[in-house]
Asks: 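Have a look at the structure that comes next, please.
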Protein chains: 2
Amino acid sequence: MRKADEEAVTGTKEKILDSAQYLIQTRGYSAISYAHIAEKLGIRKASIHYYFPSKADLGVAVVERYTAMFEAALAQVLENEDLTNRQKIEAYFQPYRDYADEPEMVCLCGALAGEFSALPEEMQARTRQFFLSHQNWLKSVLTVGEENREFRLPGPPGKFARMMFAMLQGALLVKRSTGDISQMDDVIEMLRGQIVS
Amino acid sequence: MRKADEEAVTGTKEKILDSAQYLIQTRGYSAISYAHIAEKLGIRKASIHYYFPSKADLGVAVVERYTAMFEAALAQVLENEDLTNRQKIEAYFQPYRDYADEPEMVCLCGALAGEFSALPEEMQARTRQFFLSHQNWLKSVLTVGEENREFRLPGPPGKFARMMFAMLQGALLVKRSTGDISQMDDVIEMLRGQIVS
DNA sequence: GTCTATACAAAGATAGAC
DNA sequence: GTCTATCTTTGTATAGAC
């Protein structure tokens with residue numbers, strides 16, 4: 001029995017996740033409600049509870065899907081032997097550049113970080129895991145690139161990875177608050193300049 | 001008639017602001033309520049409404065006080081002719097280093113940035129102003145320091161200022177989510193290394 | 001699987017006594 | 001200036017019909 005037999009092609013469950021994710025990325029988790037999502041989708045609140053009994057269940061599912069998507073994408077980039085390590089770093093920049101063009105969008109986990117202590121524990125754990133996993137990914141690409149003499153860094157790969165990640169996340173938040181899209185380009189340009197060929 | 005005649009030495013109004021600020025910095029604006037603050041202070045919700053009729057009034061007052069405090073402190077550092085520009089930058093790092101030791105603290109405006117679109121308009125405006133003003137302060141110190149040949153930067157002062165600011169704000173958020181205090185030290189150390197004497 | 005109806009608590013806010 | 005009492009709306013959640 002296929003999923004398609006139980007749900008429409010674009011399943012309600014996925015529509016709920018999409019809508020919830022968008023709302024969390026723009027407004028945060030604490031500020032959203034079943035009513036907001038229901039209204040956006042033209043369904044009833046009770047239908048959301050059918051798929052996600054509690055708000056925590058919904059929140060966890062959103063973060064879980066988001067982090068899994070990145071996990072898969074980053075693994076694929078890492079394994080791709082056609083890419084130089086510099087190209088892998090450029091690939092990492094891409095989602096940040098995409099968010100830069102959406103005036104009220106930041107990284108899901110960047111938004112959640114601002115209200116961290118108010119989140120259900122499992123959302124905290126997955127957000128934490130997202131941050132650690134991205135920093136580790138960057139560290140490994142930077143380490144190999146430097147070992148290959150592909151580029152040099154102004155510091156240890158681990159610390160440079162932390163710096164990069166904090167900068168990109170911070171820049172998205174500053175970009176949205178100031179409304180100045182060039183923030184992202186400036187920051188990424190500076191970053192590129194520090195990875196010296 | 002002095003303020004002291006109307007209010008106790010440690011006025012209720014200030015206690016409310018302190019408590020609200022702490023709660024916003026840890027949990028975010030959307031997640032806090034009059035009930036939380038009232039319970040913490042051992043007073044009734046109605047007493048808070050006496051000083052701050054609406055939640056937006058309270059939120060605006062908190063951000064206003066926070067930004068004014070920084071405005072004054074940064075102006076004083078800027079005018080202090082006994083400090084080198086590098087020392088002024090070090091002074092800028094200090095509050096971030098202080099927050100690093102408080103496991104669940106981030107910058108007030110960093111927390112607000114995560115839920116930006118859910119904030120009352122005046123809170124948005126003041127958060128935006130905070131970001132712009134800090135970036136401009138950094139830019140001016142960096143510009144003068146470079147003109148004086150006190151140090152050199154790996155890029156234009158304006159872009160370096162943006163990078164620094166995004167990095168510091170991002171690092172606080174990552175620090176809290178991962179629980180790893182060394183995040184802040186690593187980032188600040190990298191930053192120092194890039195301001196070359 | 002989606003709906004209506006409803007329960008229950010929390011949140012934001014006001015009126016008026018003291 | 002702080003309290004009690006109260007109101008209204010919203011948010012989360014469940015029961016049960018269709």
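Values below: every heavy atom of this structure, side chains too, minus hydrogens, waters and symmetry copies. Here the structure is a predicted model, which means the values were calculated and not measured. The chains referred to below are lettered A, B, ... by the order of the sequence lines, with proteins before strands, and numbering in each begins at 1.
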Asks: In chain order, what residues pass the side chain to side chain donor-acceptor pair (under 3.5 Å) check against A:Glu71, with sequence neighbours excluded?
Replies: A:Ser133

Asks: Whole angstroms only, please: what is the CD1-C1' distance between A:Ile48 and D:dG11?
Replies: 12 Å

Asks: In residues 20-34 of chain B, what residues come within less than 4.0 Å of DNA chain C, judged by heavy atoms?
Replies: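 Correct list: B:Ile32, B:Ser33, B:Tyr34.
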
Asks: Taking 4.0 Å as the cut-off, does a side-chain nitrogen or oxygen of B:Thr12 come that near to OP1 or OP2 on D:dT2?
Replies: yes

Asks: The criterion is side chain to side chain donor-acceptor pair (under 3.5 Å); which residues satisfy it with B:Ser19, sequence neighbours excluded?
Replies: none

Asks: Quick check on contacts: within residues 35-47 of chain A, what sits under 4.0 Å from DNA chain C by heavy-atom distance?
Replies: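 Those residues are A:Ile43, A:Arg44, A:Ala46, A:Ser47.
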
Asks: Quick one: list whatever passes salt bridge (charged side-chain N to carboxylate O under 4.0 Å, His left out) with B:Arg152, sequence neighbours left out.
Replies: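 With neighbours one apart ignored, the set is empty.
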
Asks: Between A:Arg27 and B:Ser30, is any side-chain donor less than 3.5 angstrom from a side-chain acceptor?
Replies: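 Looking only at side-chain atoms, B:Ser30 and A:Arg27 do not form any donor-acceptor pair under 3.5 Å.
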
Asks: Calculate the interatomic distance between B:His49 atom NE2 and C:dA13 atom C1'; express it in whole Å.
Replies: 5 Å

Asks: So, is B:Tyr50 near the phosphate of C:dT14, with a side-chain N or O under 4.0 Å from OP1 or OP2?
Replies: no

Asks: Over how many whole Å does the gap from A:Phe52 atom CZ to D:dG11 atom P extend?
Replies: 19 Å

Asks: Side chain to side chain donor-acceptor pair (under 3.5 Å) with A:Asn136: which residues, sequence neighbours excluded?
Replies: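 A:Asn136 satisfies side chain to side chain donor-acceptor pair (under 3.5 Å) with no other residue.
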
Asks: State which residues pass side chain to side chain contact (heavy atoms under 4.5 Å, CB included) with A:Asp180; sequence neighbours excluded, sorted by chain then number.
Replies: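 Listed in chain order: A:Thr178, A:Ser182, B:Arg162.
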
Asks: What residues form a ring pair (Phe, Tyr, Trp, His ring centres under 6.0 Å) with A:Tyr92, not counting sequence neighbours?
Replies: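 Partners of A:Tyr92 under the ring pair (Phe, Tyr, Trp, His ring centres under 6.0 Å) test: A:Tyr96, A:His134, A:Trp137.
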
Asks: Can you name the side chain to side chain contact (heavy atoms under 4.5 Å, CB included) partners of B:Pro103, sequence neighbours left out?
Replies: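 Residues passing side chain to side chain contact (heavy atoms under 4.5 Å, CB included) with B:Pro103: none at all.
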
